[in-house]
Amino acid sequence: MKTRLIPALGAEGAARLYARLLADTVLAARESGLDFELRVTGGEPALFHAVYGADLSVVPQGEGDLGQRMARVEAPGLIIGSDCPAMSAALLQAAASALDDRDVVLGPAADGGYYLVGFNRPMPFLFDAMEWSTARVLSETLARLARRRIGPAILPELADIDTAEDLAAWPELQ
């Protein structure tokens with residue numbers, strides 16, 4: 001659930017918004033034609049199967065902070081959140097294609113983070129001791145890559161929804 005939206009939407013409203021964003025994200029992943037799995041924290045896989053179909057691969061994220069959970073994704077892989085309304089199948093396909101010539105692909109978020117990170121080989125340094133949910137995530141990620149002389153592919157910047165102010169840009173979701 002989008003807990004930072006509870007003050008503006010209430011718990012029920014934040015849960016409804018999360019459900020809609022997740023449904024749109026799963027649809028974009030399916031339409032991309034790429035293999036994918038839904039990684040979850042809490043919630044029973046059977047509930048996700050009931051909503052999205054028994055064929056959906058549902059995997060627990062496990063314990064730890066966001067970086068620890070993201071570092072468990074095996075390479076090659078793309079990691080996306082469920083809070084970017086502009087996520088599309090075409091964007092996911094472009095990210096996968098970018099990994100044909102680059103080791104890393106990033107989708108910058110307007111708030112200074114990223115909505116997508118992809119990698120061809122294990123890169124735990126991207127996730128270790130990161131100050132998540134700050135405007136420095138993308139710049140710190142780029143600095144970590146630069147120190148290792150890794151030039152990432154960069155996708156178009158998109159807005160994600162973390163706060164009520166972010167949601168204001170998406171009236172169709174309110």
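Only heavy atoms go into these numbers, but all of them, side chains included; no hydrogens, no water, no symmetry mates. All residue numbers refer to positions in the sequence shown, counting from 1.
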For the hydrophobic clusters of this structure (ILVMFWY residues joined by side-chain heavy atoms under 4.5 Å, transitively), does one cluster hold both [X] and [Y]?
X: I150; Y: L138; answer: yes
X: I79; Y: V59; answer: no
X: M70; Y: V105; answer: no
X: L9; Y: L21; answer: yes
X: Y18; Y: V58; answer: yes

Taking the side chain as every heavy atom from C-beta outward, state whether [X] and [Y] have any atom pair closer than 4.5 Å.
X: V51; Y: L56; answer: no
X: M87; Y: D24; answer: no
X: L142; Y: L106; answer: yes

Please tabulate, for side-chain N and O atoms in residues 116-132, each donor-acceptor pair with protein atoms closer than 3.5 Å (sequence neighbours left out).
from	atom 1	to	atom 2	distance (Å)
N120	ND2	L99	O	2.7
N120	ND2	R102	O	2.7
R121	NE	D103	OD2	3.4
R121	NH2	D103	OD2	3.4
E131	OE1	R136	NH2	2.7
E131	OE2	R136	NH2	3.4

Residue pair [X] / [Y]: nearest heavy atoms and the distance that separates them:
X: S82; Y: T25; result: CA-OG1, 3.5 Å
X: D160; Y: A109; result: OD2-CB, 3.9 Å
X: V137; Y: G113; result: CB-CA, 4.0 Å
X: A159; Y: P85; result: O-CD, 3.8 Å
X: Q61; Y: R72; result: O-NH1, 2.8 Å
X: Y52; Y: A23; result: OH-N, 3.5 Å

Okay, side chain of [X], backbone of [Y]: is any donor-acceptor separation there less than 3.5 Å?
X: S32; Y: A29; answer: yes
X: Q68; Y: D65; answer: yes
X: R20; Y: R16; answer: no
X: E157; Y: P108; answer: no

Exercise. Any chance you could lay out the side-chain contact (heavy atoms from CB on, under 4.5 Å) test for F36 and L78, step after step, and finish with the verdict?
Key: CA-CA 9 Å; F36 75 98; L78 295 174; over 6 Å; no

Quiz item: Should we say atom CG of D35 is surrounded by more than 12 heavy atoms from elsewhere, each under 6.0 Å from it?
Solution: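 Open: at most 12 neighbouring heavy atoms sit under 6.0 Å from CG of D35.
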
Quiz item: Given the rule in the side-chain contact (heavy atoms from CB on, under 4.5 Å) test, do V104 and T141 qualify, once you have shown the distances and angles that lead to the verdict?
Solution: CA-CA 11 Å; V104 176; T141 301; over 6 Å; no

Practice problem: Report yes or no: do D166 and T163 form a side-chain donor-acceptor pair below 3.5 Å? | Solution: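 On atom types as modelled, these side chains qualify, holding a pair under 3.5 Å.
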
Calculate, to the nearest 0.5 Å, the distance between atoms [atom1] and [atom2] belonging to [X] and [Y] respectively.
X: C84; Y: Y114; atom1: SG; atom2: OH; value: 14.0 Å
X: L167; Y: D162; atom1: CG; atom2: CG; value: 11.0 Å
X: I161; Y: Y115; atom1: CD1; atom2: OH; value: 14.5 Å
X: L22; Y: D83; atom1: CG; atom2: CG; value: 11.0 Å

